[in-house]
*Asks:* 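Sharing a structure here in structure tokens format.
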2 protein chains.
Amino acid sequence: MSAHRIDFLLNYSETIKCLYYNNVLTSADISNYTGKSIPHATRVLNELIKEGYIEEKGFANSSGGRKPLNYSLIAGTHYILSVAMDQFSAQMVMVDMKNNFITETKRYEFNIHDLQPEMLLNCLNEFIDNSGITKSSIIGIGISMPGFVDTEKGVNYTYLNVFDQTLVEYIQQKISIPVFLANDSTAIALAEQKFGLAANLKNVMVLNLGWGIGLGMILNDKIFRGNNGLAGEFSHIPLFKNGKLCTCGKHGCLETEASLIAVTATAKEGIKKGQITSLAAYEDIDADLIISEAVKGDAFSVRLISEAAYHVGEGLAILIHLMNPAAIVLSGKGSIVGNLWMAPIQQAINEHCIPRLTKYTKFIISNLNIKAQLIGSAALVVENFGKNLEEKLTEIKECSLV
Amino acid sequence: MSAHRIDFLLNYSETIKCLYYNNVLTSADISNYTGKSIPHATRVLNELIKEGYIEEKGFANSSGGRKPLNYSLIAGTHYILSVAMDQFSAQMVMVDMKNNFITETKRYEFNIHDLQPEMLLNCLNEFIDNSGITKSSIIGIGISMPGFVDTEKGVNYTYLNVFDQTLVEYIQQKISIPVFLANDSTAIALAEQKFGLAANLKNVMVLNLGWGIGLGMILNDKIFRGNNGLAGEFSHIPLFKNGKLCTCGKHGCLETEASLIAVTATAKEGIKKGQITSLAAYEDIDADLIISEAVKGDAFSVRLISEAAYHVGEGLAILIHLMNPAAIVLSGKGSIVGNLWMAPIQQAINEHCIPRLTKYTKFIISNLNIKAQLIGSAALVVENFGKNLEEKLTEIKECSLV
DNA sequence: AATACTTTTTAAAAATTTAAAAAAGAAGTA
DNA sequence: TACTTCTTTTTTAAATTTTTAAAAAGTATT
């Protein structure tokens with residue numbers, strides 16, 4: 001029954017998409033987004049109203065004439081399960097058709113290196129069962145996580161290897177809901193593009209400030225994934241001749257100087273050498289602590305963060321030369337203290353960038369906070385609304401018949 | 001009269017484009033390229049045959065059934081004036097609708113720093129007059145040159161500044177033919193994408209090996225220009241802490257270690273210090289000499305080129321991490337000795353790239369030789385066939401009425 | 001109340017595709 | 001060689017989709 005209802009929606013995927021991203025739109029807006037004429041947009045809207053997916057939402061303003069009608073999706077017709085993973089946890093939340101989080105955000109903890117596909121599957125099942133949402137009204141599951149992810153294939157080459165299937169196939173088969181997989185930074189970039197301060201900009205670089213420094217690129221309005229879905233490995237660009245071994249096996253990656261892992265190592269070293277710092281009072285020193293002490297004003301902590309940020313800025317200078325972006329967005333967990341990063345980054349840009357280029361690039365600190373990745377994972381499902389989702393649905397159907 | 005004929009063509013621009021790039025195609029091919037149905041493609045073809053722009057060209061092979069008809073543009077209906085500039089010259093050639101060079105390639109020499117727009121205009125007029133081609137059958141002029149070029153605006157921020165107009169407006173107005181402007185490396189990338197070994201690859205980095213190291217990026221099948229047309233400044237990515245001042249005013253650009261300018265400087269220094277090399281026998285040492293001596297086997301020259309190439313490879317390693325391209329093409333003048341560059345570049349890639357990434361990226365030495373830029377300048381006009389060209393034609397018409 | 005302007009609806013026109021029939025070629029068989 | 005069968009391509013005509021253009025409806029200003 002409900003599967004039929006999703007099939008029905010797929011015919012109107014472009015309209016659904018732009019309404020999901022924009023909450024309320026007029027028929028003229030939708031005509032613009034979909035590239036179809038206004039009578040066409042109106043016809044689609046009426047069809048969707050008749051079937052109960054869209055409702056009228058009062059009038060928008062006009063510059064002096066008849067006021068246009070506003071339309072919006074009805075929130076509770078379908079749901080998306082959004083999953084945002086990092087090294088140590090998976091956060092899950094149920095999202096409705098208006099991009100509202102309609103359940104508590106549940107957090108499952110683990111170490112991603114030890115995580116087995118089956119464990120993730122159990123978490124997903126448990127979360128769905130407890131959510132009170134019927135499985136058949138869930139359009140899809142969007143999962144984002146660190147590692148080398150090929151979204152098209154549905155594989156994470158770094159973590160969660162399944163023996164003879166892709167990770168997406170595995171979950172999809174067991175749970176009978178379409179699954180989409182993306183890199184965490186890609187998801188964050190998607191969130192920023194659709195719901196953040198960088199919305200409507202055509203070429204944007206979104207930095208995911210966390211343990212590493214992830215990058216999601218929006219080029220010509222679309223997430224850029226490269227030829228094999230592996231683009232954006234900003235963290236591992238070979239930038240330094242420091243001889244430091246990186247987790248990736250190479251030497252001198254940006255990450256070896258600019259990540260919070262590197263910062264923590266430097267901090268510990270400094271304390272051992274007798275550096276005067278409020279950090280010395282703590283037994284266990286981690287990145288969160290350094291950040292919070294920096295915010296409180298500890299000079300050593302500030303210097304450490306600043307140095308890392310300066311190195312990030314050096315990397316960004318390269319990125320600006322190559323991509324000439326409209327904006328660079330600082331997002332991800334680290335962006336909560338975005339101001340701490342900003343000045344040193346600017347400093348590095350000023351030193352290393354051709355002025356003609358920098359003057360076109362805005363720097364933006366995200367306002368999506370820690371929600372970015374969850375918003376992005378849900379948006380991942382919406383992005384694939386249409387043909388991709390349809391394919392997955394038939395895959396699932398075929399599987400259940402066998 | 002002929003203007004009407006170009007107007008007519010513009011209605012069928014997508015068909016014209018793919019035939020220009022592919023010489024002969026079947027109606028099924030054209031249906032694929034244009035995204036329209038086969039009956040639609042056939043209708044367009046017949047219309048164009050009726051008007052004398054396209055002809056049938058025998059049969060293509062079939063896997064066992066009726067053989068499909070081949071179609072091709074008729075070469076001599078219209079022409080494109082292709083202009084390829086570098087620091088010291090402008091080469092011009094007339095190109096027909098089948099991408100044949102139908103005149104001698106004429107070379108005008110100057111120093112681009114001193115070049116005035118009027119001088120370029122005179123060269124263009126002279127070349128057209130001597131070509132024997134009537135102005136009205138020239139679809140457009142494609143000009144590519146070094147510098148910061150914004151193709152959309154039609155400006156070169158570095159050279160050939162016109163007081164109160166854009167360079168494109170200026171030439172177009174004086175000569176009454178649509179003009180398109182692009183960066184030299186962009187043109188070369190376009191040539192490689194359409195006629196080179198990288199044809200049909202979706203994500204390709206094209207290196208323009210010359211005095212500097214230019215870069216043209218093909219992303220998702222399209223030339224990528226960034227937010228302001230300034231993307232691809234590979235030559236000036238800040239990569240070294242060598243303190244060397246670059247022509248751009250910054251320090252440590254890739255260019256300061258990897259360009260032929262840098263190589264020449266190092267060579268002179270070496271000779272002064274008594275380095276044993278066949279270069280020492282020459283009074284005037286320039287890049288061409290070093291290359292030719294390297295080809296002949298002079299160890300010092302080989303080492304110099306190798307070092308430069310290795311540094312280019314370091315830059316490419318960064319590019320691969322960021323863009324995950326399907327291929328990197330060595331093109332431009334320097335590609336004639338492409339093998340000289342290849343080994344050290346590979347070496348650098350092996351040292352600085354994550355294997356997972358490199359295994360997907362092919363290295364290709366261009367087979368377009370010195371013709372790449374001219375092919376690309378002509379292709380620039382073809383690329384803009386359709387709406388852009390139409391706009392320029394009306395601009396010109398309006399101008400001539402005033 | 002008149003008018004100026006914007007949005008929505010309607011109906012006719014145009015564009016495009018679908019699906020089926022016809023045409024043409026290749027391969028196998030008697 | 002003649003004939004059959006299987007393919008693939010081309011043509012045709014009907015069906016569908018989409019747009020255009022004009023009329024109608026609604027809002028604000030004077």
Side-chain angles (χ1 to χ4, degrees), chain A residues 7-19 22-51 53-73 385-387 390-391 394, chain B residues 7-19 22-51 53-73 385-387 390-391 394:
Chain A
D7 280 3
F8 168 82
L9 277 189
L10 291 175
N11 296 322
Y12 305 107
S13 54
E14 291 311 307
T15 304
I16 306 271
K17 271 190 210 180
C18 65
L19 278 167
N22 293 87
N23 195 9
V24 285
L25 292 174
T26 69
S27 58
D29 295 333
I30 291 172
S31 161
N32 268 337
Y33 274 104
T34 59
K36 297 293 166 78
S37 67
I38 288 178
H40 186 268
T42 314
R43 215 162 312 144
V44 170
L45 282 168
N46 288 331
E47 192 72 17
L48 286 166
I49 288 173
K50 209 176 71 190
E51 298 288 330
Y53 295 104
I54 283 186
E55 59 189 350
E56 291 182 359
K57 275 283 183 179
F59 297 96
N61 278 335
S62 165
S63 50
R66 182 171 178 171
K67 285 180 174 172
L69 269 165
N70 269 330
Y71 298 90
S72 124
L73 288 173
F385 216 87
K387 235 176 66 182
E390 208 168 351
E391 274 169 26
T394 57
Chain B
D7 279 2
F8 169 81
L9 278 189
L10 292 175
N11 295 322
Y12 305 106
S13 54
E14 291 311 308
T15 304
I16 307 272
K17 271 190 210 180
C18 65
L19 278 168
N22 293 86
N23 197 11
V24 285
L25 291 174
T26 68
S27 58
D29 294 334
I30 291 171
S31 161
N32 268 337
Y33 274 105
T34 59
K36 297 293 164 81
S37 67
I38 288 178
H40 186 266
T42 313
R43 216 162 311 143
V44 170
L45 283 168
N46 288 332
E47 194 71 17
L48 286 166
I49 287 172
K50 209 175 70 193
E51 300 286 331
Y53 294 107
I54 283 185
E55 59 188 354
E56 291 183 0
K57 276 283 184 180
F59 297 96
N61 277 333
S62 163
S63 50
R66 182 171 178 170
K67 286 179 173 173
L69 270 166
N70 269 330
Y71 298 90
S72 124
L73 288 173
F385 215 86
K387 236 176 64 183
E390 207 167 353
E391 274 169 25
T394 57

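No experiment lies behind these values; they were computed from the predicted model shown. In what follows, every chain begins at residue 1, and chains take the letters A, B, ... in the order their sequences are listed.
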*Asks:* What's the NE2-P distance between His40(B) and dA14(C), to the nearest Å?
*Replies:* 15 Å
*Asks:* Which nucleotide in the set dG25(C), dT8(C), dT16(C) lies at the smallest distance from any side-chain heavy atom of Lys67(B)?
*Replies:* dG25(C)
*Asks:* Starting at atom OH of Tyr71(A), determine the distance to atom C1' of dT7(C), rounded to an integer number of angstrom.
*Replies:*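 Value for this atom pair: 10 Å.
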*Asks:* Of all nucleotides in DNA chain D with an atom under 4.0 Å from a non-hydrogen atom of chain B, which is the first and which the last going 5' to 3'?
*Replies:* dT7(D) to dT12(D)
*Asks:* Could you tell me the separation between the CD1 atom of Ile54(A) and the CG atom of Leu19(A), rounded to the nearest 0.5 Å?
*Replies:*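 These two atoms lie 5.0 Å from each other.
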*Asks:* Any luck finding a side-chain donor-acceptor pair between Tyr33(B) and Asn22(B) under 3.5 Å?
*Replies:*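 Yes - a donor-acceptor pair under 3.5 Å links their side chains.
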*Asks:* Nearest whole Å is fine: how far is dT18(C) P from Lys36(B) NZ?
*Replies:* 13 Å
*Asks:* Nearest nucleotide by nearest heavy atom, which residue falls closer to the 5' end of DNA chain C, Ile38(B) or Gly65(B)?
*Replies:* Ile38(B)
*Asks:* Hey, does Ser62(A) reach any base, or is it just sugar-phosphate, or nothing, if we go heavy atoms under 4.0 Å?
*Replies:*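 Sugar-phosphate, backbone atoms only, no base.
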*Asks:* So do the side chains of Ile30(B) and Cys18(B) get within less than 4.5 Å of each other, counting heavy atoms only?
*Replies:*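 Of all side-chain heavy-atom pairs linking Cys18(B) with Ile30(B), at least one is under 4.5 Å.
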*Asks:* Name each donor-acceptor pair under 3.5 Å that joins a side chain in residues 37-46 of chain A to protein atoms two or more places apart or in another chain, with its distance.
*Replies:*
| unit_1 | atom_1 | unit_2 | atom_2 | d |
| --- | --- | --- | --- | --- |
| Ser37(A) | OG | His40(A) | N | 3.4 |
| Thr42(A) | OG1 | Ile38(A) | O | 2.7 |
| Asn46(A) | ND2 | Thr42(A) | O | 3.3 |

*Asks:* Starting at the 5' end of DNA chain C, which residue's closest nucleotide do you reach first, Arg43(A) or Ala28(A)?
*Replies:* Ala28(A)
*Asks:* Of all residues at least two apart in sequence or in a different chain, which pass the side chain to side chain donor-acceptor pair (under 3.5 Å) check with Asn70(B)?
*Replies:* none
*Asks:* Please compare Pro39(B) and Arg66(A) by the position of their nearest nucleotide in DNA chain D and report the one closer to 5'.
*Replies:*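 Nearest-nucleotide comparison on DNA chain D picks Pro39(B).
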*Asks:* How close do Lys17(A) and Phe385(A) get, heavy atom to heavy atom, and via which atoms?
*Replies:*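 Closest approach of Lys17(A) to Phe385(A): CE-O, 3.4 Å.
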*Asks:* Mind checking if Ser27(B) touches a base, just sugar-phosphate, or nothing, with heavy atoms under 4.0 Å?
*Replies:*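 Sugar-phosphate contact only.
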*Asks:* Find the distance Glu47(B):CD to dA14(C):C1' and express it as a whole number of Å.
*Replies:*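 Answer to the nearest Å: 15 Å.
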*Asks:* Indicate, with a heavy-atom threshold strictly under 4.0 Å, whether Thr42(B) touches base, sugar-phosphate, or nothing.
*Replies:* sugar-phosphate
*Asks:* I'd like to know if Lys387(B) and Glu390(B) make a salt bridge, using a cut-off of under 4.0 Å between side-chain N and carboxylate O.
*Replies:*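 Salt bridge: no.
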